[in-house]
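To start, the structure itself, in structure tokens.
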Amino acid sequence: MRDVVDLHAAVPNGEEERTDMSLEQKKIMVVKIGSSTLVTDEGKLDTAYLATLASQISGLRQRGWSPIIVTSGAVACGLEALGISTRPSDTPSLQAAASVGTNILVSSYARAFKAHDMLTSLVLITRQVTADREQYLHVRDTLERLLDLEVVPLINENDTVSVDQLRFGDNDTLAALVACLVKAQLCVIFSDIEGLFTANPFEDATATLIPEVSSITPDIMALASGSSSTVGSGGMITKIRAARVLMAAGIDMVICQGHNSDFLIQLAEGQSLGTRFSPCGTVHDITPKKLWIALGDTAKGSLIVDEGAAEALVSRGSSLLAVGVCGVEGSFAREDIVDIVNTSGRIIARGKAGASSSEITLACGRSQREIKGNELLRDLSQRPVVHRDELVVFE
């Protein structure tokens, strides 16, 4: 049985003495489980799968890992309970289903994990919470304390109250955010296929699995396709975008088939499964603000930069100046999110635009002296197009 924990024991003057390991000292594995893995073809929660998962999580803990689960499935559970066979498209119906389904999902996890003497907790997160630095740090501290207390946190987006402007959009993004938040060693994305393939395996019988990816190239991005599931909201493209951010933060990510009785144990023991995205470049400190630039809204456009500017961004941590931009794609306003692309078409960074696409287009091809001497562009000679504090480098 689990030992009884007295939260108030040996607490002088009402302040708790923290003797537990910090996040940096823990071996943390974030496991994202999608609806297509949790729900059967008939749209019912797969309780047999949950029992197998609980056994794997117990095995992880015995091997010294601290697991965190990012779980989908609340809407699917709610739709089943409400007798709705087709996923609705209107927000009130989806939020109502999430409200009903969250209780069912969490209770099912609790029963399955109790069989292995494990306690679970529910942490519901919205984008609004993690976009604010103070609240972001509170979430981190809560997760750290739960792991200290040997609780397995279950994390999901708060679908009951989230609206489009405040949504993560998919749990692949949420899993990447949590992994960065807790400085995880590994993020595992359970999917309905074995990993990333050279083509869509559902359409091309010659498609082969790619076992390892060390860099997110345009060719890798091109391999992504839409979701193959009728119950989930993500697809391979969201997983690759999540991997790009995790690799920049120095965190490995694995995409693998979720229906296996010991995949997590094999991964914990260092075996090669699915597709592993392993960082090979510089590890970047991604602050809460930068994390949302990297994982948040879809880019409104792109800035094509010359070789000198690309080198300054990647190797020297510089801001992007107008003189380094040689092309503009799309239409965007100041403070919109934009991708920064090298002349080979590779996305090397993402940031918040310091000027509109119209202003930057006028500055393209001009020297710093010409920009400074132009009445319309003079302001761009004194400030960066993208400031380094609002820039995430993926290389």
Side-chain angles (χ1 to χ4, degrees), residues 1-9 20-21 26-40 42-81 97-125 139 141-160 171 174-175 178 182 184 186-190 231 258-269:
M1 296 294 291
R2 300 178 79 254
D3 295 331
V4 175
V5 178
D6 185 354
L7 292 176
H8 302 287
D20 306 293
M21 289 192 299
K26 293 181 173 72
K27 288 198 305 181
I28 300 176
M29 183 186 297
V30 174
V31 183
K32 180 264 179 176
I33 307 171
S35 297
S36 59
T37 303
L38 280 171
V39 178
T40 66
E42 293 75 33
K44 299 179 185 252
L45 182 66
D46 192 341
T47 53
Y49 173 77
L50 279 182
T52 300
L53 175 67
S55 178
Q56 291 193 69
I57 295 296
S58 177
L60 283 182
R61 283 159 49 109
Q62 291 169 18
R63 288 163 173 79
W65 285 83
S66 297
I68 295 175
I69 296 175
V70 175
T71 181
S72 303
V75 172
C77 288
L79 294 177
E80 178 193 354
S99 179
V100 172
T102 295
N103 184 50
I104 297 169
L105 181 65
V106 173
S107 297
S108 299
Y109 267 107
R111 284 193 298 271
F113 279 56
K114 186 178 180 181
H116 295 270
D117 196 26
M118 291 185 293
L119 185 64
T120 60
S121 71
L122 176 63
V123 181
L124 293 176
I125 299 178
V139 173
D141 291 344
T142 298
L143 291 174
E144 181 175 4
R145 192 65 184 125
L146 287 169
L147 295 179
D148 287 342
L149 295 169
E150 299 185 354
V151 176
V152 180
L154 305 174
I155 299 178
N156 197 5
E157 183 166 9
N158 194 349
D159 291 317
T160 303
N171 276 348
L174 179 55
V178 171
V182 299
L186 180 63
C187 180
V188 179
I189 306 290
F190 275 165
V231 294
H259 282 100
N260 188 291
S261 60
D262 61 355
F263 267 11
L264 290 180
I265 303 301
Q266 292 179 50
L267 287 170
E269 294 177 345

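Just so it is clear, the model here is predicted, and its values are computed rather than measured. For the single chain, residues carry numbers from 1 onward in sequence order.
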Assess whether side-chain contact (heavy atoms from CB on, under 4.5 Å) is satisfied between Thr120 and Leu122, documenting all intermediate values. CA-CA 7 Å; Thr120 60; Leu122 176 63; over 6 Å; no
Verdict with reasoning, Val152 to Arg61, per side-chain contact (heavy atoms from CB on, under 4.5 Å): CA-CA 10 Å; Val152 180; Arg61 283 159 49 109; 3.8 Å; yes
side-chain contact (heavy atoms from CB on, under 4.5 Å), that's the test. Do Val182 and Lys26 meet it? Break it down for me. CA-CA 9 Å; Val182 299; Lys26 293 181 173 72; over 6 Å; no
Decide side-chain contact (heavy atoms from CB on, under 4.5 Å) for Lys32 and Cys187; before the verdict, give the C-alpha distance in whole Å, the side-chain angles of both, and the deciding distance to 0.1 Å. CA-CA 8 Å; Lys32 180 264 179 176; Cys187 180; 5.6 Å; no
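Applying the salt bridge (charged side-chain N to carboxylate O under 4.0 Å, His left out) rule to Glu269 yields the partners Arg63; only residues at least two apart in sequence or on another chain are considered. Under the ring-ring contact (aromatic ring centres under 6.0 Å, His included) criterion, Phe263 pairs with no residue, sequence neighbours left out. With sequence neighbours left out, the side chain to side chain donor-acceptor pair (under 3.5 Å) criterion links Asp262 to Gln266.
Atom CG in Leu267 sits 9.5 Å away from atom CG in Asn260 (nearest 0.5 Å). Separating the CG atom in Leu146 from the OG atom in Ser66 is a distance of 11.0 Å, to the nearest 0.5 Å. Distance check: Leu60 CG to Met29 CE gives 4.5 Å after rounding to the nearest 0.5 Å. Thr37 contributes atom OG1, which lies 5.5 Å from atom OH of Tyr49 (distance to the nearest 0.5 angstrom). For the atom pair OG (Ser58) and CZ (Phe113), the distance works out to 9.5 Å, reported to the nearest 0.5 Å. If you take CH2 on Trp65 and CG on Leu264, they are separated by 10.5 Å, rounding to the nearest 0.5 Å.
Across every non-hydrogen atom of Leu147 and Pro67, the tightest pair is CD2-O, 3.9 Å. Of all the heavy atoms in His116 and Ala54, the pair that sits closest is CD2-CB, 3.7 Å. Scanning both residues, Ile189 and Ala175, for their nearest heavy atoms gives CD1-CB, 4.1 Å.
For the side-chain contact (heavy atoms from CB on, under 4.5 Å) criterion with Ile69, the lone passing option out of Val30, Leu53, Ile155 is Leu53. Considering Leu45, Thr102, Val39, Leu38 in turn, Leu45 is the only one that fulfils the side-chain contact (heavy atoms from CB on, under 4.5 Å) rule with Cys77.
A donor-acceptor pair shorter than 3.5 Å cannot be found between the side chains of Asp46 and Thr40.
Ser108 places a side-chain N or O within 3.5 Å of a backbone atom of Ile104 that can act as its donor or acceptor partner.
Asn156 places none of its side-chain heavy atoms less than 4.5 Å from the side chain of Val70.
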